[in-house]
Structure formats: structure tokens, C-alpha cells
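This chain uses plain numbering: 1 for the first residue, then up along the sequence. Here the structure is a predicted model, which is why all the values come from computation and not from measurement.
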Amino acid sequence: MNKDHQIEQDYLNKVMSTIAHQIEEVEADTAKRKKTVVHIRKHFWDDLKVNMDTFDDYLETIIGLRQQAQDLSVSQTTHRHAYNRLGKLKRIEKSPFFGRIDFVEEGMNVSESVYVGVATVTDETNETILIHDWRAPISSIYYDYPPGPAEYTTPEGKIYGQLEKKWQYTISDGVIQSMFDTSLTIGDEILQQVLGKASNKHMQSIVATIQKEQNKIIRNVSGRLLIVQGAAGSGKTSAALQRIAYFLYKYREMLKADQIVLFSPNKMFSNYVSHVLPELGEENMQQETFQDYLEYRLDRFFTVEDPYDQLEYLLESVDDPNYETRKASIHFKASSSFFEGIKRYREILASAGMVFKGIKFRGQPLVTSQQMTDVFYNKDSALRFHNRIDKLKEWLLKEIDKTEKMEVEKDWVQEEIELLSKEELQKVYDQLEKTDKYSENSYEFYEKENKVLARMIVLKKLRPLRKKVKALAFIDSKQLYKQIFENGMSGKLWDEQELPEEWREISSMTRDMLDEEKLYHEDATPYLLLKELILGFQSNSSIKYVLIDEAQDYSVFQFEFIKRLFPSARMTVLGDFNQAIFAHANNVADFQSLTSLYGAEETERITLDRSYRSTREIIEFTRELVPEGEQIMAFDREGEKPILSRLSNQTELHREIRSKVVDLQNSGCETIAIICKSAAESLSAYQSLQTINDLKLVKKNTDDYEQGVVVIPAYLAKGIEFDAVIIYNAAEQIYGKESLRRLFYTACTRAMHHLYLYSVGEPNQFIRKISPGKLNNANNYHVDRKQSPGFMGG
């Protein structure tokens, strides 16, 4: 061990000794605080005198109760903080830091050594910082600068100086395994070690290997909208999660994890990324899919198609006579044009067209829909739209009050009274006996009792009606949405050139679905928007940050809706338009259209061109699959070229895949994905490959991603990486259409170390256009490029 190595090991030993001592202290403190919390809970009422005899006694009781509750709350909070601190200390006990910078601040003569780790560690006096949290302002120098002039921003302003050296470490179980003096942001040696490891069932924190461009994403705090366009494997999702950790650190006095929402593509992906924040000692933010939100809001009224069923239809139902109509419907209903049309429709409803549901009581009309229409448009017509709805609601409640007074005298009420149970009668009798001076046998007492019972019965019968009126259920939202697709309405909402040629067929198809109480996925957000515009938006102002991953899968319409759903939030949008596989994807294009969400001055865009997931050979192959793929840069990690095998039939295909899986398992691959075009193809492949040991089929409702061998549709594999990827059938008949280019690219870019492509018959056109030397042919199949000249993603 050389001198420098020994000095650093000595410092590491000193830090670990300090941490060990602090763990002992915090463990004792945590146990003590836990005892206090348990004691207060156990004896909460012992020292509290509950007396309600006089107002002073009541006030004294309330004050005592509040004091006890406050004591409990303080004890619980201090215990939680101690427990969290203990968790952080134990997490870094054997590997406290991963980097060091030697920085000379301007005006100073002495260099300061700043060690960077996952959490802050101070000495016993709490005055000297031994380890700086990676999110601390000074730590940004580690990620952003090579030796030379450097600066960092503090709340008081910028600090300038000179970065003299930058060290990087790999530490295992309290021992420095390697250390590098590097001029790069992250030395290739350490990054190579990290990238060369096998894939894990959970996404890992990249905090020790954050690159300069990723750090720009993490620490960006300007504007309302940050758009990150990142190549497959560029670390955009991981950087976004570190961004959340940075915000929770920077704004820790005012921001909590439950004020942050991450919209994930699916539940499996949510579980895949769920360990990153806890690894960094932070609580997890809220995670959900946008589909979960739609179903939460609409499930009571409709069966709502999800995006994967929509995509499955597009992939597998090309022969359906309504196929082109459905494609046109998806595209138009995802557009900003349709969004603006919905808003115009709501404005039109202020003058005419509102549809109301008549109210009945005991089978008889109480208020007709026409009466509601007359009141809405003819009474208080000068008021604003939502005020008129409130007025209509108040009028309906008064009509119910009138009905209540009339109904208590009717014969059916007396019949209901006779059917009351003894318990119900006794309850009313006891209540009257306490308040009335009449004797039990008096006629007046009987009359009083009868009136109370009658009113109780009518109130009970009318209660559901009042509840519905207060919830504005008298507005016929379904019929109002359906009305958009009735003859004559489209001309009021759009110019003729805006409408797709298939508008008549789209309208008919949409009306049919609504009649069946079903919503296509492309109708769910527009329907909900219209409902919100009419009833009032159910926005959530407590959410301060919204992150949307796989943003290329969202329509412009959905972005506009999410903006209104979280009016106080800043939004971070992450995606790769090369993986835009849904029919509406070209509405988002290269995310340029999203600038209009908050305006250009409130929008910043960052592009990540370097891919770290795959080997250089895999990236050089995959970047030729997409337009402008030459802009994607590979991190220089060598491996084998992708291998193409052309096979004659399905039997041969399955035999080759089984054999390849065994080879990969023997070579140490822990995650192997057999990626198919669709769920239908995945199911067929899974059934044919059952002899593979512990094979798993991933479906749209699969909650957890497990290591091993999985069969998975390409669209569910997005965002996840595997040691080895097997493309189940890359044939022309499977992926030949131009519309499937990005789906095929997505499937291939899941591979970290190995990529194998199998083709039953002619490989698809995208493979045939690959430049010579980028792909190995397992069976010397000749790829004929004369018909399809080589290109770089064109």
C-alpha cells in the first residue's frame, strides 16, 4: 500500500470510528425516545381529568387533552428523526464516502479537502464536517469541474476558487479497494466497474457516478418545466430520482416527500425504481400511473380501456375493418386541437346545450330535465357558468324541501311507520320523553311522535337524492360528451380542415362505446376534462413537484390536463422520442410542443446524448435503427456485437432460444429477457418455452420485476435493463412496418451486455439496413443491403 493510499485509509478509519460512536449514541437515544412514546401512549388518559360539568371544567379538560397530544406529537417526531438518523449512519457505516476534492477558495491560501458521500457526517464536537452530503452546494464541484477554476452557488451567492485535485474511491466493507486522481467528472475506471456489473432487480442510485450533464438535471431549480430528452440508457430516470432527493435536501424545511408525485409507466416500473430514494436516506415520493388516476375518477361510471390494451389493439388487429378509423381517433383525440375544441364546447354550453337528468321520487317526476334547463338558462342568466350551476343546485334542494313537507302527510308514510322495528320506535320515544312534558298516554304525545316518525322516514328516503344533488349528479356528463359527436356540433368546435377524414366514423364509434358504458383510452382524459370544466376542477395545490417518466407516451392533451390538476407544481418531464411507440406519440414529437405549457421563459430543456446502459457494440447497432441516431454517443465499454440468427420455423426458434438461455445462465447472467412485440406474442412464446427453468411471464398487471428469465412485451420493458436480451422474432412479418421501428428499437436497447436477435424467415427492414460490421450472423445468413442501402437511422 503506497503512502497516499495509507493516508486515505487512515482517514476512512477515523470517519468509521466516529460513525460507530455516533451509532451507539443514536441507538441509545432512539431506544430512550421509543420508551417515552410508548409510555405516553400507554398512560395518555391516566393524568388527564375529564370533567364536563361546567364550562371552566370543560375548558380545563380540552387544554389538558391538547397538552397531552402535543407532548405525544413532539416525542413521536423526535423519535422519528433519531430513527432516520440511525438508518443513515448504518447505511454509510462501511462506505462513508466515494469522492474528494481539494479546493482553494478565492482569497484563501490553504486548500480544503472536501470528502463527498451519501450523507453528512460531523466530528464529535459537531463543528467540523468530515463528510459532505453529495447534495451540499460545495459538492457540486465534484461533479461539474475538472481541476482548474471552479465555483459553486450558496444561498449567500457564488463562491469562486481553484479545484486542485479530484479523487475517486471504491470502498468495500471499510477498506479502500481503489482510488484514482482524475481530471474527469467520474473516472472511467469506476464507471466501468459499475456498468460492468450484472443488472439488479431494483434500479440503483447513481450518486457515486453522476456525470456533469446529469448533475445539471439534478440541481436545476429554475422555471416551471424541465424537459429532459435522453437516449435509451442515458440515466435520465436515475438522475430524476436523485433530483427528488436533492429537492428534499435543499428544501427540507418546507418540502415533504408526499408533496412530490412521480407518474410511472406501470406498477412494475414503480417497484423497480422504489429503492433509490430509501438508499439515499429519503422517504419515497408518491408514485402512480396516469391510468390509475383515470380509473380512480371514472371506474364508477365506465369500463376504461388502458393504454396497453389500446396498443395491443394497434399491434395485433391490423385486419379489423375499423382499424384506420381507430388510429385516426387516437391521433385526433390526443391533439391540442381536440383540447381547444373541448374548451370551446364548454363556452358554448353557457348559452345552450346543457343536458340534465330529471329527478324522480318514488317513481314520480320531482323535477324534469326541461325544468332544470329552463331555470339554468332563463333564471340568473347574467351570472357566470359555475355560479348558475350553484344556483340550480340550491333551487333543486329547495324543491326537495317542498317535497319533504308534502310527503309527510301521505298514506305511504303511515304504512312505513307501521313497519318500523321496536328498536326504531323506542329510540324516537326516548328522545321525545326527554324533551316533552306530555304524559305517555296523551293524544298530544301520540301526535308529536307520529310527526317525528313521519319526518324521519321522509328524510331518510330523500337523503340519497339530496346527496346526489349536492354532488351535481343531475348533470348528464355522459350525454354532454356524447353530444360532441352528434351531427352539427363539430362545425361549431373545429374548422373543417382540422377534422380527420374519418370524423363521421369516429363519431359513430365513440357514441356506440358510450352507450355500452365504455371509454376508449383516448376518450378518458377528454371526458374527464369536460367534466372538470363543467363541475369545477378537482385540482391538488399541495403537490409541489410532478415528475413524468416515459413522457413520450403521453399526449399533449394529457399534459394540459396534468398541468391543471397540479396548479402549484413544477413539472419535470423525462422521455426519449425514439421510444415513442403509442399512436398519439407524434403529437408530442420531440417535446417542442410542450414549451407552450408554461411558456418558453418558464421552460428549460436538457438533452442527454450519451448512453451508459449498453456496450459500445450494442449502441452502435441500435442507434442505426432510428432517425438521427448518429447523435447518440456510446460510453466506451466493450463487449460482443449483437448476433442475428435466421431460422426456418418456430420449432427451430424455440430450440435455439432454450439453448441460448442455458448458455447465458452458465456465463453468469442474472437477468435475461425474451422480448416480444406484444402481449399476444409473449403469451404464445411463454407457452412454447415452458421447459426453461423458472421462466416468468410479465403482464400489464405484473407488480414486481424479478431477476431470472422473463418473457415480456417490448412496451412493458421500457425503463428496465437486462444483462441479456433475446429478441424473440425480429422477422419482417413481425416488425416490418415503419410504425414499429421505435418499438423494435425500444426492445433492443434494453440489453446491457448481450443482444441476440432471432428471425423466423427474412429479418425486418431495419436490420437489413444496418451498416456492415455492426452485426454478427450466427448462421452466416447474408443480409442483402442492395435493396435497402445502409444508413445512419434515416
Side-chain angles (χ1 to χ4, degrees), residues 188 191-192 195-199 231-234 578 609-626 629-647 652-653 656-657 659-675 714 717 721-732 734-735 741-786 788-794:
D188 281 4
L191 197 50
Q192 287 279 13
L195 298 173
K197 291 178 181 177
S199 175
S234 58
N578 284 321
D609 289 327
R610 186 175 296 276
S611 180
Y612 299 94
R613 173 184 296 140
S614 308
T615 61
R616 177 169 49 81
E617 289 77 8
I618 292 174
I619 292 170
E620 286 182 353
F621 165 74
T622 56
R623 70 183 182 180
E624 290 201 16
L625 297 174
V626 289
E630 72 276 4
Q631 296 178 9
I632 300 170
M633 297 179 290
F635 181 77
D636 197 18
R637 179 166 61 89
E638 292 190 359
E640 63 180 24
K641 293 177 184 177
I643 297 174
L644 170 68
S645 300
R646 181 175 178 179
L647 308 165
E652 194 177 342
L653 170 68
E656 288 294 318
I657 290 177
S659 174
K660 180 54 65 180
V661 168
V662 172
D663 290 345
L664 289 168
Q665 287 173 324
N666 290 338
S667 69
C669 288
E670 295 183 6
T671 56
I672 302 167
I674 301 167
I675 300 184
E721 56 194 27
F722 305 90
D723 295 333
V725 164
I726 293 169
I727 303 298
Y728 177 72
N729 190 356
E732 176 70 16
I734 304 297
Y735 288 101
R741 177 193 293 275
R742 289 186 169 98
L743 186 70
F744 183 63
Y745 169 80
T746 300
C748 294
T749 54
R750 301 305 95 202
M752 290 177 64
H753 309 296
H754 309 282
L755 175 60
Y756 298 92
L757 304 102
Y758 292 91
S759 175
V760 178
E762 184 81 354
N764 67 60
Q765 59 164 319
F766 315 119
I767 292 176
R768 299 201 306 273
K769 293 177 183 177
I770 294 295
S771 302
K774 299 292 174 68
L775 184 64
N776 280 337
N777 286 308
N779 46 12
N780 296 317
Y781 163 67
H782 174 65
V783 179
D784 185 6
R785 296 182 180 84
K786 292 179 181 177
S788 306
F791 80 126
M792 280 300 289

(message) Counting C-beta onward and ignoring hydrogens, is there a side-chain heavy-atom pair between D663 and Y756 closer than 4.5 Å?
(response) no
(request) Spell out, as yes or no, whether a donor-acceptor pair under 3.5 Å connects the side chain of R613 to the backbone of T749. (result) yes
(message) Under a plain distance cut-off of 3.5 Å, with no hydrogens placed, do S645 and E656 share a side-chain donor-acceptor pair?
(response) no
(message) Ignoring hydrogens, what is the shortest heavy-atom contact between I675 and R750? Give both atom names and the distance.
(response) CD1-CG, 3.7 Å
(request) Check whether any side-chain heavy atom of S234 lies under 4.5 Å from a side-chain heavy atom of I632, and answer yes or no. (result) no
(request) Only counting residues at least two apart or in another chain, list the ones meeting side-chain contact (heavy atoms from CB on, under 4.5 Å) with A731. (result) N729, Q733, I734, S759
(request) Could I get the full list of ring-ring contact (aromatic ring centres under 6.0 Å, His included) partners for Y728, not counting sequence neighbours? (result) H654
(request) Determine yes or no for a side-chain-to-main-chain donor-acceptor pair under 3.5 angstrom, with D723 supplying the side chain and T671 the backbone. (result) yes
(request) Decide yes or no for V725 and I618: does some side-chain heavy atom of the first lie under 4.5 Å from some side-chain heavy atom of the second? (result) no
(request) Under the salt bridge (charged side-chain N to carboxylate O under 4.0 Å, His left out) rule, collect the residues that match up with E640, sequence neighbours excluded. (result) none
(request) Please confirm whether the backbone N or O of A730 pairs with a side-chain atom of N764, one donor and one acceptor, at under 3.5 Å? (result) yes
(message) Q765 and side chain to side chain donor-acceptor pair (under 3.5 Å): which single residue from E762, R768, K769 fits?
(response) K769
(message) Could you check whether R616 pairs with E620 (Lys NZ or Arg NE/NH1/NH2 to Asp/Glu carboxylate O, under 4.0 Å)?
(response) yes
